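Below, chain A is the first sequence line, B the second, and so on; all start at residue 1. Predicted, not measured: the structure shown is a model, and the values here were computed from it.
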Number of protein chains: 4
Amino acid sequence: MSAHQPYTFGAGLWLFGQFIDRYATDAYGPPVSILEAIDRAGQVGDLVSLDINYPFDGGVSVWDIKKTLDRNGLRCHAITPASYSRTYRKGGLTNPDPAVRRQCIDMYTAAIEPARELGAKYVKFWPGQDGYDYPFQADYADLWKYSVDAVREVAASAPDMQFAIECKFKEPRTHMLFCNVATTLLAIEDMGVDNVGIVMDLGHSFFARETPSEAIQLAHRRGRLTSVEVNDNWREWDDDMTVGSVHLIETLEFMYTLRKIGWSDVILLDQFPFREDPVQAARESIQTIRKLDALVDRIDVPALRKAQDAQDALAAQRLVLDLFLG
Amino acid sequence: MSAHQPYTFGAGLWLFGQFIDRYATDAYGPPVSILEAIDRAGQVGDLVSLDINYPFDGGVSVWDIKKTLDRNGLRCHAITPASYSRTYRKGGLTNPDPAVRRQCIDMYTAAIEPARELGAKYVKFWPGQDGYDYPFQADYADLWKYSVDAVREVAASAPDMQFAIECKFKEPRTHMLFCNVATTLLAIEDMGVDNVGIVMDLGHSFFARETPSEAIQLAHRRGRLTSVEVNDNWREWDDDMTVGSVHLIETLEFMYTLRKIGWSDVILLDQFPFREDPVQAARESIQTIRKLDALVDRIDVPALRKAQDAQDALAAQRLVLDLFLG
Amino acid sequence: MSAHQPYTFGAGLWLFGQFIDRYATDAYGPPVSILEAIDRAGQVGDLVSLDINYPFDGGVSVWDIKKTLDRNGLRCHAITPASYSRTYRKGGLTNPDPAVRRQCIDMYTAAIEPARELGAKYVKFWPGQDGYDYPFQADYADLWKYSVDAVREVAASAPDMQFAIECKFKEPRTHMLFCNVATTLLAIEDMGVDNVGIVMDLGHSFFARETPSEAIQLAHRRGRLTSVEVNDNWREWDDDMTVGSVHLIETLEFMYTLRKIGWSDVILLDQFPFREDPVQAARESIQTIRKLDALVDRIDVPALRKAQDAQDALAAQRLVLDLFLG
Amino acid sequence: MSAHQPYTFGAGLWLFGQFIDRYATDAYGPPVSILEAIDRAGQVGDLVSLDINYPFDGGVSVWDIKKTLDRNGLRCHAITPASYSRTYRKGGLTNPDPAVRRQCIDMYTAAIEPARELGAKYVKFWPGQDGYDYPFQADYADLWKYSVDAVREVAASAPDMQFAIECKFKEPRTHMLFCNVATTLLAIEDMGVDNVGIVMDLGHSFFARETPSEAIQLAHRRGRLTSVEVNDNWREWDDDMTVGSVHLIETLEFMYTLRKIGWSDVILLDQFPFREDPVQAARESIQTIRKLDALVDRIDVPALRKAQDAQDALAAQRLVLDLFLG
């Protein structure tokens with residue numbers, strides 16, 4: 001494939017923070033402040049921007065963050081309000097209590113100003129507590145309406161700001177409302193606003209049993225592709241592993257597809273290296289992505305195109321496997 | 001819940017035919033002609049209509065079918081062109097060969113007249129060979145365009161006829177293009193025609209890891225719910241088992257949802273009783289549906305509504321489980 | 001089925017503690033001390049015994065626990081050493097560092113004395129960090145040897161005490177070594193000791209895609225069934241939901257199987273009611289189990305036996321569904 | 001890794017036959033006789049032996065097969081009795097009818113003589129119809145006993161012949177009794193005979209959600225590894241795709257493990273190229289295996305060993321990914 005401007009990389013700041021889960025309740029490592037996490041991100045050496053959770057923990061100001069980003073040569077890529085903490089354990093945008101829904105919407109709205117100040121490209125909705133766990137627990141039409149109305153209200157309040165929804169199949173809920181790309185595109189339609197797009201998370205796409213290269217083109221064709229996050233998993237959970245560690249061929253296909261749709265923006269890492277060094281885990285993923293992208297350079301596009309026009313599985317596979325196998 | 005007109009039942013005619021798979025290549029039983037299959041359907045005693053495959057095997061005429069249906073007190077509910085036989089093994093609507101795509105479209109178009117003659121409610125698209133098996137095998141945007149264009153062309157050619165797409169996650173392909181309700185709704189939008197809807201198949205919805213009661217409301221809200229088929233499976237394959245045999249609670253929720261959206265049309269059985277008597281298998285499913293619907297009558301709707309307004313899982317569960325457990 | 005002594009119920013003490021996960025890092029509720037958790041367990045009213053984690057948090061003594069148990073009319077059913085906290089994040093029994101493996105074995109050994117003092121039936125191995133996350137990460141034969149040797153050593157050190165392994169498919173690791181009943185039975189054989197059995201967790205069995213009624217009989221036939229825990233999930237994760245909330249039919253089959261193998265010991269609840277009241281969640285599960293067990297009383301065993309002898313799916317289903325549907 | 005004798009390759013003869021499924025009931029291609037299939041296998045050029053179904057269709061004699069194998073430079077690797085045709089649709093070894101069980105056992109016994117005459121290494125049990133579809137359908141202990149007794153009887157009748165069980169998670173049944181490696185090893189133990197082993201099918205291992213490199217070592221350590229078959233799938237069904245097409249990294253790990261355990265026998269292809277040319281599909285898989293095996297040569301074993309001793313996921317991954325990515 002013809003050459004292109006090399007990709008730049010970002011990361012969710014959580015990659016560099018403290019990890020905890022329901023078993024290691026004393027956490028997988030010591031606490032990490034938001035500013036320390038930014039410093040860790042700076043150590044990676046190849047990151048240009050970060051997705052930062054809001055509100056900022058520990059009384060840290062926009063100014064503190066800006067300074068720490070600057071010191072590390074980093075920018076703010078996105079702001080992600082934490083609508084999944086204890087307050088929102090029964091739902092943020094869809095909480096049964098209208099007062100909590102209001103509080104959640106207000107937190108999103110409050111995030112817009114710091115997002116502007118930090119030069120963020122978008123404010124991200126990751127409504128992980130918005131869904132349900134049990135059959136018969138919820139009226140699905142209500143949840144849909146609450147979600148659509150809430151995102152619309154926030155987005156309509158700041159037409160100059162971009163927003164983006166990161167869909168996921170499940171977790172922490174057993175069912176999340178914005179569960180996959182197609183469903184989220186329908187929800188965005190119902191919102192009727194122009195400034196809401198999709199964060200295409202490669203791992204979430206594996207998890208939702210989508211073909212990521214198909215799903216991202218669906219979002220792109222509808223003009224709703226706002227951001228790209230990458231990682232890997234075993235397809236039954238959001239394991240947030242390093243890029244290419246399980247689905248190497250499909251990750252190459254994803255890199256090829258990024259090239260095809262002309263993606264030129266930052267690629268963000270979304271990982272939870274519970275038992276690994278986060279700086280190293282970030283470096284490994286970046287190295288893998290670059291090497292995969294170099295393989296994309298070597299794809300014989302006319303030959304691949306010919307195989308795909310014929311839907312010739314064996315020819316396409318040979319061509320691709322030989323990139324890996326020589 | 002308040003009383004309603006009892007449901008009527010239909011079935012896919014294949015339920016009463018010969019089953020075969022890749023192992024029992026000598027089939028699970030002797031051949032069954034299309035007219036014999038209709039007679040078997042008649043023996044169920046509780047069926048009012050059938051979804052019939054087209055072309056009609058064995059040189060059977062529309063007149064023969066009409067007569068046999070009449071004799072059994074049955075109607076034709078839908079016509080489903082068999083776009084998954086050997087001719088279409090590499091795709092029907094999306095075959096790489098334009099001549100085969102044309103042949104497939106022509107077969108669908110040719111099915112419209114017999115559908116009219118038989119008084120079918122709709123012509124069904126079940127494009128099981130339209131998808132892909134391997135990574136990199138196909139250009140997903142091409143497949144999408146082929147599918148959308150083909151369905152649009154057929155539907156536009158007969159504005160008086162209703163059409164409906166039955167989506168499925170996979171099989172016989174490892175990936176099917178119209179894989180779930182949300183994706184199919186997006187495709188229908190792209191078609192830009194009014195007379196294409198969705199066949200909501202309960203088992204396919206389990207298989208796609210949707211929550212069926214959520215998915216059917218999505219289709220209903222958009223005015224695209226054309227038909228309802230039921231069965232059960234183990235959620236990793238389209239096992240086409242009798243209704244309620246695995247997912248009893250979610251099937252009750254589905255029956256409740258049918259009531260909620262005011263479904264008053266036929267409910268169709270879509271089963272493959274490989275090792276069971278098909279007439280008995282149909283009767284068992286109908287009996288189970290009726291008993292589930294009788295449970296729906298006994299739901300304390302204000303109490304359920306209250307639990308759902310509070311998204312109170314335990315209250316909703318207790319209410320529902322006690323219907324089953326006394 | 002003929003009458004039997006009513007089941008008694010126990011619970012993992014964690015059911016009544018504080019829940020946390022990687023998103024709600026401020027936890028789903030305030031901290032709960034071990035003694036407070038025991039008091040909560042006492043409020044359920046129907047529990048007789050508890051599975052208690054060791055070491056006891058907060059400097060609580062065996063004496064404190066005994067007193068609090070007594071006050072609540074509860075016994076200690078089992079002791080479960082917490083070999084999944086930060087210290088053991090890279091493995092307990094299989095940690096790459098021999099010193100940590102030793103520390104883990106010593107913790108298990110240290111748990112035997114308090115287990116004796118509290119009259120526990122068994123010390124439980126739940127080695128959730130013992131496994132691997134990535135391809136090529138580990139030498140599987142080494143992990144197997146470490147695990148088998150460690151459990152053997154602990155068990156051999158206290159021939160008067162019973163031990164039991166609770167297997168799970170995964171989590172917190174993406175792959176756990178003792179992943180299902182059959183694999184764990186093979187490991188127990190390799191240990192060559194008499195006092196190690198299996199904790200059959202109904203939810204873990206769903207999660208491992210076993211048929212629970214088949215798996216429990218496998219363990220029972222080999223004389224290795226030490227304990228039974230119950231809950232439910234969506235079969236792709238250990239959701240630890242209330243009993244019967246998803247797999248109602250298979251849970252009835254499990255209750256029928258418990259009767260068949262003559263299970264007369266305590267049935268333990270293993271739940272994580274992140275967003276529900278834990279006391280109520282325990283009560284709901286117990287109520288559901290009792291009602292399911294009452295349905296078991298009503299099973300026409302000769303008729304079921306006849307259907308199963310003929311492997312007649314439709315007859316068996318009708319018989320069972322009508323218990324639920326009237 | 002140090003050099004080794006190059007692998008030789010075999011295939012299941014079905015790879016070269018006619019494919020059919022429940023949709024393309026007119027089959028994916030024209031009929032292929034058993035002798036024609038052998039000739040097709042000969043065209044691959046790199047095969048040395050075949051797994052052949054028994055009874056031989058179309059009145060073909062052992063002599064005809066021998067001659068055709070010879071002409072193509074092929075040997076008979078194994079004989080697989082077809083205990084999954086219509087006669088055995090409700091079970092072969094576990095059929096509820098004792099007469100059918102007897103017929104099935106007799107068919108297996110009858111296969112021993114032709115297996116001897118053809119110089120087969122083993123007679124294979126692939127009891128695909130032996131399992132169940134519905135909850136409550138069967139008494140699992142009965143099914144286990146029938147299976148164990150039947151295989152024991154056949155094996156005991158010919159102590160000079162090797163037998164091997166090919167386990168699979170499911171299909172054509174929704175649940176198969178010999179569902180995974182660990183369960184099958186337990187069943188073999190219960191048989192108490194020396195001449196029954198396991199066919200380790202890479203794809204079935206993916207399908208059963210095993211880690212293939214872990215499962216094969218389990219069988220090997222117990223001295224029960226009789227044969228190795230390879231292919232790939234999407235891990236939710238036995239898709240029987242070409243080798244390495246989905247799980248490239250785990251397939252490399254499997255090739256590495258074969259080297260580690262000193263596997264020097266034939267590697268058999270087990271594929272169903274429904275829509276591809278079978279000769280080409282076989283060649284592609286062989287080419288991929290050889291190239292993967294060449295990568296195994298290039299593994300820095302001391303470095304990998306060091307990473308695995310430390311269970312260092314990132315180091316192991318880097319080492320392995322760089323084999324693919326340069």
Ranked by heavy-atom pairs below 4.5 Å to chain A, first place among Gln287(D), Gln280(D), Gln311(D) goes to Gln287(D)
Option in Asp312(D), Leu292(D), Thr288(D) with maximal non-hydrogen atom pairs under 4.5 Å from chain A
Thr288(D)
Neighbours of chain D found in [range] - heavy atoms under 4.5 Å:
{"range": "residues 267-279 of chain A", "answer": "Glu276(A), Asp277(A)"}
{"range": "residues 231-259 of chain A", "answer": "Trp234(A), Arg235(A), Glu236(A), Thr242(A), Val243(A), Gly244(A), Ser245(A), Val246(A), Leu248(A), Ile249(A), Glu250(A)"}
{"range": "residues 175-182 of chain A", "answer": "none"}
{"range": "residues 318-326 of chain A", "answer": "Arg318(A), Leu321(A), Asp322(A), Leu323(A), Phe324(A), Leu325(A), Gly326(A)"}

Report which part of Arg209(D) has an atom under 4.5 Å of a heavy atom belonging to chain A: side chain, backbone, both, or neither.
side chain
So for Gln317(A), is it side chain, backbone, both, or neither that comes closer than 4.5 Å to the heavy atoms of chain D?
side chain
